[in-house]
A.B. asks: 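There's a structure below that I have some questions on.
No experiment lies behind these values; they were computed from the predicted model shown.
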Amino acid sequence: AITMTTVATVLVTLAIAPLLTALFARVFLRQTLPTRTWVAIGVAGLGIAWMFGHQALAPGASMTGALVALGVPIAGATNWVLLQHLHQRHHQRHAADPSVQAPDMLPAVLIGALLSAAIALPLALPFSATPRDLGLLAGLGVFQLAIPCLLVVRLSRELPAAEIALVGLLEVLFGVTWAWLGAGEQPSAATLTGGAMVIGALILNEMMELRQRRRSFASQHA
């Protein structure tokens, strides 16, 4: 996607993944969403519509990059809902049989990487990467994909989803800033406005959820 549109557009689009996850959980897992989350989904949707709309109406603009980027949060939301489904099924089995152990999802990251490589292989032919390119790609594969994926899957058993989502927003802020300062890629006003709506809605929703969790924890241990 970043070869077809700006880094800022891609990262802002990725930021809607937690809200899409909540929406998918409501549809597929029948989880009840609080009013604040519905409001956040609505505001974030308006922000994305504002950003995409301005891109679509710009002279000579192409929506291909934005649409490709949209596939990433959809895939991410699907992944989180599947993980939640597995955790729910484990809790049900554990309640019936306490000896049942929780499934280890870390090997799934390796399986996903192998499947992704197999799917991408035909698109990579004929090979033309230089040794320098391979070194850069290897660095991205390890430090930008493998390690973060392993950490997120592992931390999903320790931290609330709200905290993980808040930490994940740093990618948007740092990514836009570094692309601006390092590559001179200045985001458009529409991207900044839409991004502010998406990130603001997400931050407010997650902060309210964290505060509710802390109140519930305090009342249980009072």
Side-chain angles (χ1 to χ4, degrees), residues 11-51 72-106 108-109 147-177 192-222:
L11 291 177
V12 169
T13 305
L14 301 188
I16 67 173
L19 297 178
L20 277 181
T21 301
L23 186 59
F24 283 10
R26 174 67 182 90
V27 174
F28 298 108
L29 301 182
R30 305 300 181 186
Q31 293 182 0
T32 302
L33 297 182
T35 302
R36 68 172 188 279
T37 302
W38 284 115
V39 173
I41 291 173
V43 173
L46 289 175
I48 291 293
W50 176 269
M51 184 177 66
V72 179
I74 292 176
T78 302
N79 179 59
W80 284 114
V81 169
L82 287 174
L83 286 175
Q84 290 181 3
H85 173 68
L86 289 175
H87 285 308
Q88 289 180 359
R89 189 170 64 177
H90 166 68
H91 288 314
Q92 293 173 354
R93 291 180 175 178
H94 184 74
D97 183 2
S99 64
V100 175
Q101 299 294 323
D104 185 5
M105 296 305 298
L106 291 181
V109 178
I147 293 178
C149 285
L150 290 172
L151 289 175
V152 168
V153 171
R154 179 65 180 84
L155 289 176
S156 65
R157 301 191 307 186
E158 308 293 340
L159 295 178
E163 294 186 11
I164 296 177
L166 285 176
V167 174
L169 286 180
L170 294 176
E171 180 182 10
V172 180
L173 300 178
F174 281 120
V176 173
T177 302
L192 291 176
T193 302
M197 294 176 67
V198 172
I199 295 175
L202 183 56
I203 288 177
L204 183 60
N205 179 68
E206 304 301 345
M207 288 183 65
M208 292 178 67
E209 181 176 345
L210 282 176
R211 185 169 60 178
Q212 182 177 351
R213 286 178 180 269
R214 289 169 180 167
R215 286 179 177 176
S216 299
F217 181 81
S219 62
Q220 292 175 0
H221 293 78

A.B. asks: Can you name the closest pair of heavy atoms from L19 and A44 and give their distance?
C.D. replies: CD1-CB, 3.3 Å
A.B. asks: Could you pull out the closest heavy-atom pair between G195 and V12, with the gap in Å?
C.D. replies: CA-CG1, 3.6 Å
A.B. asks: Can you tell me how far CD1 of I74 sits from OG1 of T21, rounded to the nearest 0.5 angstrom?
C.D. replies: 11.0 Å
A.B. asks: Hey, are the side chains of E209 and T37 touching, using non-hydrogen atoms and a 4.5 Å cut-off?
C.D. replies: no
A.B. asks: Tell me the closest heavy-atom pair linking A15 and V198, and the distance in Å.
C.D. replies: CB-CG1, 4.0 Å
A.B. asks: Considering non-hydrogen atoms only, spot the tightest contact between F24 and A77 and give its length.
C.D. replies: CD2-CB, 3.6 Å
A.B. asks: Could you report the tightest heavy-atom contact between R26 and Q31, atom names first, then the distance?
C.D. replies: CD-O, 2.6 Å
A.B. asks: Could you tell me whether the side chain of M207 reaches within less than 4.5 Å of the side chain of L204, counting heavy atoms only?
C.D. replies: no
A.B. asks: Of the non-hydrogen atoms in V81 and A25, which two are nearest, and what is the gap between them?
C.D. replies: CG2-N, 3.8 Å
A.B. asks: Out of L20, I16, L23, which residue meets the side chain to side chain contact (heavy atoms under 4.5 Å, CB included) rule with I41?
C.D. replies: L23
A.B. asks: Just so I know, are the side chains of I147 and L150 near enough to count as touching, which here means a heavy-atom distance under 4.5 Å?
C.D. replies: no
